[in-house]
Amino acid sequence: MQVKVCGITRLEDALTASDMGVDALGFIFFRTSPRCISMEKAESIIARLPSNVVRVGVFVNEDPAVVTDVIENCSIDMVQLHGDESPEYARSLSESIVIKAVDIRDDAVLEDALDYPAAAILVDARTGDSYGGTGRRSNWTAARTIGARRPVILAGGLGPGTIDDALMKVRPAAVDFNSGVESAPGVKDRKKMALAIDRSRKSCAGLPVAGPFRRRRIGRTD
């Protein structure tokens with residue numbers, strides 16, 4: 001099982017999470033997010049990361065040309081689509097680097113998620129105009145259903161106090177921490193991160209070792 005910390009806005013948080021052994025870091029390029037990061041700042045942080053850490057760019061209903069520009073300029077490995085992007089949108093980027101975030105509220109959304117062309121499905125929870133990072137618990141039952149058929153990443157309100165229960169009930173291929181390991185939006189709390197990551201590692205016995213996060217071969221998106 002793999003671990004990702006999302007909503008990185010500061011170099012110190014990125015390096016701390018890397019030192020703690022995370023598999024991936026997420027950089028949010030959605031302008032209205034309180035954790036939005038500029039392409040220039042993301043590029044400067046990513047240049048300092050260890051080579052084994054997967055760089056994930058998070059986008060919401062963005063122009064595909066902008067996404068491609070960020071991928072190349074910031075050395076992004078995978079793209080997390082957190083909006084209402086169509087399957088055709090994902091295929092235009094190459095589904096092998098796409099992570100599709102969904103909020104499973106009914107059976108129709110579940111079926112669409114199972115068929116979506118992506119390397120993995122991330123189950124999160126939306127609130128109003130907030131597409132993620134809400135601190136709300138996502139649909140764990142649906143996440144486990146998806147995980148039985150394809151790689152699933154569990155997000156939504158995960159932190160030191162919830163991760164043990166989440167891993168036991170969902171058994172995901174990866175987990176994604178954000179607001180649950182923060183002291184403020186975009187500011188990670190070292191103690192919360194350390195505890196959440198440590199509990200993830202100790203609780204994942206019996207879960208698949210492989211996960212969906214992969215470094216992208218430079219110059220290729222397939």
Side-chain angles (χ1 to χ4, degrees), residues 1-30 35-60 62 64-82 85 89-101 116-124 132 146-147 150-155 158 172-178 181 188 193 196-197 200-201 204 207-222:
M1 190 202 71
Q2 293 180 312
V3 176
K4 170 174 170 267
V5 172
C6 199
I8 294 293
T9 63
R10 307 191 307 165
L11 176 61
E12 55 263 47
D13 293 339
L15 295 180
T16 296
S18 299
D19 289 343
M20 291 176 181
V22 299
D23 301 283
L25 294 173
F27 301 86
I28 298 174
F29 298 96
F30 181 41
R35 302 170 183 87
C36 182
I37 191 169
S38 68
M39 190 165 67
E40 294 73 21
K41 188 173 182 180
E43 183 179 8
S44 68
I45 294 174
I46 287 170
R48 299 280 300 277
L49 294 179
S51 60
N52 62 308
V53 176
V54 177
R55 296 92 156 133
V56 180
V58 182
F59 303 89
V60 176
E62 185 59 88
V66 173
V67 176
T68 300
D69 190 40
V70 174
I71 289 173
E72 297 306 326
N73 282 285
C74 296
S75 299
I76 293 295
D77 298 306
M78 301 190 77
V79 172
Q80 184 173 313
L81 303 179
H82 227 93
E85 299 86 359
Y89 184 112
R91 292 189 186 99
S92 74
L93 296 170
S94 179
E95 62 187 78
S96 65
I97 67 166
V98 169
I99 297 164
K100 183 66 182 84
Y116 198 91
I121 300 298
L122 184 146
V123 177
D124 202 352
I146 294 171
R150 59 187 308 182
V152 69
I153 303 167
L154 185 65
L158 297 181
V175 292
D176 190 349
F177 296 108
N178 193 344
V181 295
K188 305 308 177 189
M193 274 205 303
I197 293 167
S200 297
R201 298 305 186 194
C204 69
L207 296 181
V209 175
F213 300 119
R214 294 284 184 275
R215 290 299 314 274
R216 181 174 66 94
R217 297 169 70 179
I218 299 300
R220 299 187 55 159
T221 57
D222 57 11

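All values derive from a computational prediction rather than experimental measurement.
Residue pairs meeting the salt bridge (Lys or Arg N to Asp or Glu O under 4.0 Å) criterion with at least one partner in residues 40-56, sequence neighbours excluded, do not occur; the list is empty. The salt bridge (Lys or Arg N to Asp or Glu O under 4.0 Å) analysis of residues 11-28, with sequence neighbours excluded, yields the pairs R10-E12, R10-D13, D23-R201.
V56 has its side chain out of reach of C6: every pair of non-hydrogen atoms, C-beta onward, lies at least 4.5 Å apart. The shortest side-chain heavy-atom distance between Q80 and I153 does not fall under the 4.5 Å cut-off. In this structure, the side chains of V98 and P117 stay at 4.5 Å or more apart for every pair of heavy atoms. Taking 4.5 Å as the limit, some side-chain heavy atom of F177 sits within range of a side-chain heavy atom of V3. The side-chain heavy atoms of E62 and Y89, taken from C-beta on, include a pair separated by under 4.5 Å. No side-chain heavy atom of D124 sits less than 4.5 Å from a side-chain heavy atom of N178. With a 4.5 Å cut-off on side-chain heavy atoms, V123 and V152 count as touching. Between R216 and I71, some side-chain heavy-atom pair lies under the 4.5 Å cut-off.
Counting all heavy atoms, side chain and backbone alike, L93 lies closest to P64 at CD2-O, 4.3 Å. Residues R214 and D77 share a closest heavy-atom pair of O-CB, 3.6 Å.
F29 pairs by the ring-ring contact (aromatic ring centres under 6.0 Å, His included) definition with F59, not counting sequence neighbours.
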